[in-house]
Student: 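Pasting in a structure now, in structure tokens, and then I'll have a few things to ask.
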Protein chains: 2
Amino acid sequence: MLNLSASEENYIKTIFHLQEEEKNVTTNGLAAVLNTRPASITDMMKKLKQKKLVHYQPYRGFRLTTGGNRYALSIIRRHRLWEFFLFEKLKFSWDEVHSVAEELEHVSSKKLIDKLDEFLDFPRFDPHGDPIPDNQGKILKTRQIPLSEMPLNRTAVVCNVGDQSASILELMDHNKIGIGTRVEVKKRFDFDHSLEIKIRQQVPFIISESLAKKIFVKHGA
Amino acid sequence: MLNLSASEENYIKTIFHLQEEEKNVTTNGLAAVLNTRPASITDMMKKLKQKKLVHYQPYRGFRLTTGGNRYALSIIRRHRLWEFFLFEKLKFSWDEVHSVAEELEHVSSKKLIDKLDEFLDFPRFDPHGDPIPDNQGKILKTRQIPLSEMPLNRTAVVCNVGDQSASILELMDHNKIGIGTRVEVKKRFDFDHSLEIKIRQQVPFIISESLAKKIFVKHGA
DNA sequence: TTTTTAATTTAGATTTGCCTAAATATATTT
DNA sequence: AAATATATTTAGGCAAATCTAAATTAAAAA
């Protein structure tokens, strides 16, 4: 597989994520996420088109080719394996792993990543609950739903938080909710849509709708 | 501490190693090691002088400042810790670790390196037998000598090989000599300066002077 | 001490990845 | 459908890190 610069990899990865959220990817949108100017996006799209990683016609938008998709998955694999390593082995907290993994993911040795995978015993999810592509680029589709949409009296596992702010972390910390926590929704209040939830063997307690919307759980796990 | 580009780090690191071998570092010499043209060295020296990492006067040569030295040690720390990790945890062979560590060493998070150090249980030597600087930049001075200079009938441990070629590796492999192998020189032949050596409980055998000059041992270990 | 040779530096390009400002194409109103 | 607004692209530049070719300085030889 061809070898891209860290910058090119960041474009590919970001396009992949934006496509995944089925937002149609726009020049301005991508520029906003990558913190660059729209003109830089256009420049890069021309280059990535040449390398056959994106389909691109001026003014007509762009999206990843099959090859671009495959490449994106390999970057995401590296990123999530490093996150797992940092969390599981180096004892980073789950909110610190992302930024360090952003750097590590650009180290390109395929052998390194496959051996890391093996060392970690082939983990299937990163510390945020996102699935890790295998060495063939296969990735599990997880049904992640916000806690606010969980049916009552079914247990699920917290796998993602749709907000990285210090304030949400403080609140979750206070309630002892984190990635991997097993939760059950006991009641939903019509008045303010707050939820009564139970975790572990504790007394049930109430959380706000806005918090529940940010906490994602893996359904069925 | 200031943050250098991967390229700047490579210059600093290489100057450090060349200085260590007490070769006086020259523009051409550095260019040869870094695989660049002399003109590029001059360019970079101007920049590193500005950043107060090297002493430099045109045509008068250059050497690291105290700050440059400190920075070099931090890069070497990263490099060797990654080498240890790759060898010890990911089961890379000791001749594969260098090139991968060359990439990993430029990931700059201080916290990452200190946590990695702890995870590895503060190793003092990398898989080549070179000492790993601690988080204060302190480094053990090891007395490494080539096997060719070992006194007779004293045991020592192979800690370094001054050549990375496939041919030397083949020969060492054949003789079952590697990093960490305990050796004893039994006899030195005047005719061709070949050595009779003994490893483990095996029958002594003979190696050439040119091989013995490339195999370094830690004296006293 | 000249002269010759070798090492080093300068001058001027090139590539990558970014920028600003201006032009152009598409979308939305009126 | 014309006018206005928004999105996108082009043109031209800049900094980092490299290069080649030409100039300059220092070292070695005659």
Side-chain angles (χ1 to χ4, degrees), chain A residues 2-15 18-19 21-64 68 71-72 75 102-103 105-108, chain B residues 2-15 18-19 21-64 68 71-72 75 102-103 105-108:
Chain A
L2 69 200
N3 226 53
L4 302 188
S5 70
S7 194
E8 290 168 318
E9 289 192 346
N10 283 331
Y11 278 82
I12 293 289
K13 185 183 61 165
T14 307
I15 295 169
L18 290 175
Q19 275 183 185
E21 294 167 32
E22 43 214 312
K23 284 169 191 158
N24 64 330
V25 190
T26 64
T27 301
N28 279 350
L30 188 51
V33 177
L34 286 173
N35 253 297
T36 60
R37 293 331 185 89
S40 309
I41 304 296
T42 303
D43 287 349
M44 186 60 95
M45 285 315 117
K46 288 182 191 160
K47 185 151 45 123
L48 294 180
K49 181 192 178 159
Q50 275 233 303
K51 299 193 179 186
K52 300 198 194 304
L53 292 162
V54 300
H55 296 292
Y56 168 64
Q57 291 304 123
Y59 295 105
R60 290 279 116 117
F62 45 83
R63 61 177 206 291
L64 295 178
Y71 201 108
I75 305 165
E102 288 276 288
E103 284 197 68
E105 75 188 4
H106 300 298
V107 174
S108 59
Chain B
L2 70 200
N3 226 55
L4 301 188
S5 70
S7 194
E8 291 169 316
E9 290 192 345
N10 283 332
Y11 278 82
I12 293 289
K13 185 183 62 165
T14 306
I15 296 170
L18 290 176
Q19 277 184 184
E21 295 167 32
E22 42 214 314
K23 283 170 192 155
N24 64 331
V25 189
T26 65
T27 300
N28 278 350
L30 188 51
V33 177
L34 286 172
N35 253 296
T36 60
R37 294 331 185 89
S40 311
I41 305 295
T42 303
D43 287 350
M44 187 58 96
M45 285 314 117
K46 288 183 192 159
K47 187 154 42 127
L48 295 180
K49 181 192 177 159
Q50 277 233 302
K51 298 193 179 186
K52 298 197 195 304
L53 292 163
V54 300
H55 296 291
Y56 169 64
Q57 291 303 124
Y59 295 103
R60 290 279 114 118
F62 45 82
R63 59 177 208 289
L64 295 178
Y71 201 107
I75 304 164
E102 288 276 286
E103 284 197 67
E105 75 189 4
H106 300 298
V107 174
S108 60

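Bear in mind the structure is a predicted one, so any value in this text is a computation, not a measurement. Reminder, nothing fancy here: chain letters follow the sequence lines and each chain counts from 1.
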Student: Among the candidates dT9(C), dT18(D), dT24(C), find the nucleotide nearest to the side-chain atoms of Tyr56(B).
Tutor: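 In terms of side-chain proximity for Tyr56(B), the closest of dT9(C), dT18(D), dT24(C) is dT9(C).
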
Student: Please determine, for the side chain of Ser40(A), which listed nucleotide (dC18(C), dT20(C), dT10(D)) has the closest atom?
Tutor: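 From the listed options, dC18(C) comes nearest.
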
Student: Can you check whether Asn28(A) has a side-chain N or O nearer than 4.0 Å to OP1 or OP2 of dT6(D)?
Tutor: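 For dT6(D), neither OP1 nor OP2 has a side-chain N or O of Asn28(A) closer than 4.0 Å.
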
Student: Which of the following nucleotides, dT18(D), dT10(C), dC18(C), is nearest to the side chain of Asp43(B)?
Tutor: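 The closest nucleotide is dT18(D).
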
Student: Side chain of Lys46(A), heavy atoms from C-beta onward: which of dT10(D), dC19(D), dT8(C) has the nearest atom to it?
Tutor: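 So the side chain of Lys46(A) is nearest to dT10(D).
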
Student: Do Glu102(B) and Lys13(B) sit within salt-bridge range, that is, some charged N less than 4.0 Å from a carboxylate O?
Tutor: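 Salt bridge flag = yes for Lys13(B) with Glu102(B).
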
Student: Does dC18(C) have OP1 or OP2 under 4.0 Å away from a side-chain N or O of Ser7(A)?
Tutor: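 Checking Ser7(A) against dC18(C): at least one side-chain N or O falls below 4.0 Å of OP1 or OP2.
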
Student: Find which nucleotide of DNA chain C each of Met44(A) and Arg60(A) is nearest to by heavy atoms, and output the residue with the more 5' nucleotide.
Tutor: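 Result of the comparison: Met44(A).
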
Student: Round to a whole Å and report the spacing from CG of Asn35(B) to C1' of dT18(D).
Tutor: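 Asn35(B) atom CG is separated from dT18(D) atom C1' by 13 Å.
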
Student: Phosphate oxygens OP1/OP2 of dT9(C): is one of them under 4.0 Å from a side-chain N or O of Thr27(B)?
Tutor: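 Yes, within the criterion.
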
Student: With side chains defined as the heavy atoms from C-beta onward, is the minimum distance between Glu8(B) and Met44(B) less than 4.5 Å?
Tutor: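 Glu8(B) reaches Met44(B) side chain to side chain.
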
Student: It should be established whether Arg37(B) places a side-chain nitrogen or oxygen under 4.0 Å from OP1 or OP2 of nucleotide dT8(C).
Tutor: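 So the side-chain polar atoms of Arg37(B) never come under 4.0 Å of the phosphate oxygens OP1 or OP2 of dT8(C).
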
Student: Between dT8(C), dT9(D), dT20(D), which nucleotide has the shortest distance from any of its atoms to the side chain of Ala39(B)?
Tutor: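 Nearest listed nucleotide: dT20(D).
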
Student: Considering only side-chain heavy atoms of Tyr11(B), which listed nucleotide, dC18(C), dT9(C), dT18(D), is closest?
Tutor: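 That would be dT18(D).
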
Student: Kindly point out which of dT10(D), dC18(C), dA25(C) is positioned nearest to the side chain of Tyr59(A)?
Tutor: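 The nucleotide sitting nearest to the side chain is dA25(C).
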
Student: Check every strand shown and say whether Pro38(A) touches a base, only sugar-phosphate, or nothing at a heavy-atom separation below 4.0 Å.
Tutor: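 Base: the residue Pro38(A), judged by heavy atoms under 4.0 Å, touches a nucleobase.
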
Student: Would you say Lys51(A) and Leu4(A) make side-chain contact, with heavy atoms under 4.5 Å?
Tutor: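 Counting from C-beta outward, Lys51(A) and Leu4(A) do come under 4.5 Å.
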
Student: Can you tell me if CD on Glu21(B) sees more than 12 non-hydrogen neighbours from other groups inside 6.0 Å?
Tutor: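 Correct, the count exceeds 12.
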
Student: Check whether any side-chain N or O of Lys49(A) sits under 3.5 Å from a backbone N or O of Val54(A) as a donor-acceptor pair, and report yes or no.
Tutor: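 Pair absent, no side-chain N/O of Lys49(A) close to backbone of Val54(A).
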
